[in-house]
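Here the structure is laid out as C-alpha cells; the discussion comes afterwards.
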Amino acid sequence: MDRIKIVGGNRLEGTIPISGAKNAALPLMIASLLTADRLTLKNVPNLADVNLLARILRNHGVDLAVDGKRPGVSQHLGETFHLTARDIVDTTAPYEMVSRMRASFWVLGPLLARMGEARVSLPGGCAIGTRPVDLHLQGLKELGAQIDIDAGYVVAKAPKGLQGNRVVFPKVSVGATHNVLLAAALAKGETVIENAAREPEIGDVAECLVKMGCRIEGIGSSTLRIQGRDRLEGAVHAVLPDRIETGTFAYAVAATGGDVTLEGTRVELLETALDVLEAVGASVTPVEGGIRVTRNGAGIGPVSIETQPFPGFPTDLQAQLMALVTTAHGTSVIRETIFENRFMHVQELARLGADIKLHGDTATIKGVPRLRGAPVMATDLRASVSLVIAGLVAEGETMINRVYHLDRGFERLEEKLTRCGANIERISAG
Ligand code: UD1
C-alpha cells in the first residue's frame with residue numbers, strides 16, 4: 001500500500017490548479033442513465049471514486065469514452081467523458097460495488113425513472129457515521145415507487161413510471177436531493193422538492209438537467225420545482241470546481257504561511273469557509289481566474305464553528321480546519337452536526353502533538369506552539385488530508401499510511417503541493 005512522506009516546515013508559494021468537483025462529477029455521470037443520447041462531461045477529475053463509478057455505470061450498459069487532453073489545455077481542465085446509455089442492460093447495482101462507494105446508491109432514482117425498476121444494494125455502514133437512506137426512499141415513494149428491502153437490496157418498482165409530487169424532506173440530505181432530483185427529471189408532471197440541499201454540486205446537476213431538456217426552477221434555493229419529461233436529450237456540461245479541494249489547499253497555505261493562487265475556482269462556492277480563514281488571520285482575495293490566499297508573519301487565531309449544510313460551514317472541511325487550528329494562539333471549539341462519528345482524525349492529530357479533547361459532537365482544540373512529525377494512519381477521505389496539512393506544519397518527518405483514501409478524492413495532491421515548495425513524496429508499495 002502506498003504511503004506519503006512529508007517533511008514539514010516549508011512555506012507554500014505558487015499556483016495550484018483546482019480540479020473539477022468529485023461530488024458533482026459523480027451525480028453528473030449518473031445523470032447519463034436518464035438519456036439514450038450522449039452526455040459529454042468536461043473537467044472530470046481523475047480520481048479513484050470516479051473510476052469506480054465508471055465501472056458501475058458500464059455494468060448498467062453505459063458506454064464511456066474518455067478524451068485525452070488537448071495540447072495547451074490548462075492543467076485543471078480534467079478529462080472529458082462521453083457517456084451514452086443507449087440501452088440499460090442491467091438494473092441491478094451489486095453489493096460488491098455499492099458498498100465501496102456510497103454515492104453509487106444514487107443510481108436508484110435514475111434507473112427507476114427510466115426503466116420502471118431498479119435493484120440497488122443498501123450502501124451499508126460507513127466509517128464516519130450510520131448514514132441511512134430513509135430520505136432517499138421516502139422521496140422516491142412519494143414519486144410513486146413501490147419499495148421493498150430484500151436480502152440487503154432496495155428493490156424499487158414503478159411499472160407505469162414515476163409521477164411528479166411534492167416531496168418535503170424532514171432533514172437536509174445531499175444524496176437524497178440528488179436521487180429525487182434525477183428521478184423527477186423523467187417523472188410525469190411537476191415535482192416540488194422542499195428543504196432540498198443547496199450545495200453547489202446540486203445546482204451543477206440541475207443546470208446539466210436543464211441542458212438535457214428538463215425545466216427546473218429554484219436552482220440554488222431550498223425549493224426545487226422540476227417539470228419532468230418523457231425523454232431527455234444529450235448535453236455538454238463542464239463540472240464545477242471542487243470547493244472542498246479549494247478549501248483544503250487554502251487551509252494548508254494558512255497553516256504553513258505563504259502565498260498561493262488557487263486557479264480555476266470561485267469564492268462564492270465556499271464563502272463561509274473562506275470567512276473562517278480570514279477570521280483566523282489569513283488573507284483571501286478573489287483574483288482573475290481564481291483565489292489568492294496569503295498568510296505572513298502573524299500566527300493563527302482560534303475559531304468557534306459548527307458544521308452545517310450549505311451555505312454553512314462544510315463538514316467536508318471540518319478535519320482540515322481542525323488541523324489548521326492545532327497551532328493557533330488560543331483554544332478553538334469545533335462542533336460536528338452532520339456526521340456523528342467524524343472525528344477519527346483527532347487521535348492521529350494527537351500523535352503529532354495536537355491537544356484535542358472530545359465531548360460528544362464537540363472538539364476543543366488548545367493550540368500548541370508546534371507539531372512534531374510521526375507515523376499516522378489515514379482513516380477516511382477528509383481525515384487523511386487533514387493529516388497532510390498537519391504534516392506540512394509539523395517539524396520533521398510525518399509518514400501517512402493507507403493513502404488510498406486520499407486517492408478517492410484528491411487529484412495529484414503531492415504534485416500540486418510539491419510545485420508550491422512542499423517536501424512531500426509518495427512512496428509506492430512497489
Ligand atoms: C454528501 C457528500 C459528502 C458530504 C455530505 C454532507 C457526495 C458524494 N458526498 O454525502 O462528501 O460530507 O454530503 O455535506 O456528495 N441522512 C439520513 N437519511 C438519509 C440520508 C442522509 O438520515 O436518507 C443523514 C446522514 O446520516 C447525515 C445527514 O443526513 O447525518 C447528511 O447526509 P447527506 O447530506 O445525505 O450526505 P451524503 O449525500 O451521503
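Keep in mind it's a predicted model, so treat the numbers as computed, not measured. Remember, it's 1-based here, ligands and their atoms both numbered in the order they're listed. No hydrogens, no waters, no symmetry mates; every other heavy atom, side chains included, goes into these values.
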Taking a cutoff of less than 4.0 Å between a non-hydrogen atom of the residue and any ligand atom, is R342 in contact with ligand 1? yes
Mark the output for F105 as yes if a heavy-atom distance to ligand 1 is under 4.0 Å, and as no if none is. no
Please table the atom pairs, donor to acceptor, closer than 3.5 Å between any side-chain atom in residues 269-279 and protein atoms at least two apart or in another chain.
residue	atom	partner	partner atom	Å
T272	OG1	P311	O	2.4
E278	OE2	V284	N	3.0

Please examine the side chains of S332 and L321, heavy atoms only from C-beta on, and report whether any two atoms are closer than 4.5 Å. no
Side chain, backbone, both or neither: [X] near ligand 1, heavy atoms under 4.0 Å:
X    : answer
W106 : side chain
A176 : neither
I338 : both
D316 : side chain
R102 : side chain
F310 : neither
K171 : side chain

With a 6.0 Å cut-off (strictly less than), is the heavy-atom count around CZ of R3, excluding the residue itself, greater than 12? no
Who's closest to atom 26 (O) of ligand 1 heavy-atom-wise, of G409, G175, P309, P132? P132
Report the C-alpha distance between Q320 and L324 in whole Å, list the side-chain angles of each, state the deciding distance to 0.1 Å, and finish with yes or no for side chain to side chain contact (heavy atoms under 4.5 Å, CB included). CA-CA 6 Å; Q320 296 89 315; L324 169 62; over 6 Å; no
Residue from D316, D242, D49 passing salt bridge (Lys or Arg N to Asp or Glu O under 4.0 Å) with K22: D49
Ligand 1 N/O within reach of [X] N/O, cut-off under 3.5 Å:
X    : value
K22  : no
D134 : yes
A103 : no

Show me which atoms of ligand 1 lie under 4.0 Å from any heavy atom of T315. 6 (C), 12 (O), 14 (O)
Taking only non-hydrogen atoms of N23 and a 4.0 Å limit, the atoms of ligand 1 in range are 2 (C), 3 (C), 7 (C), 8 (C), 9 (N), 11 (O), 15 (O)
Between the side chains of R342 and E336, is the shortest nitrogen-to-carboxylate-oxygen separation below 4.0 Å, so that they form an ion pair? no
Ring-plane angle category for F313 and Y251, please: parallel below 30°, perpendicular beyond 60°, tilted otherwise. parallel
Take T337 and Q308 through the side chain to side chain contact (heavy atoms under 4.5 Å, CB included) test and state the conclusion after the steps. CA-CA 7 Å; T337 73; Q308 286 294 339; 4.1 Å; yes
Taking only residues two or more places apart in sequence or in another chain, which ones pass side chain to side chain contact (heavy atoms under 4.5 Å, CB included) with Q163? K188
Using distance alone, with no hydrogens and no angle criterion, decide if E263 and T15 have a side-chain donor and acceptor under 3.5 Å apart. no
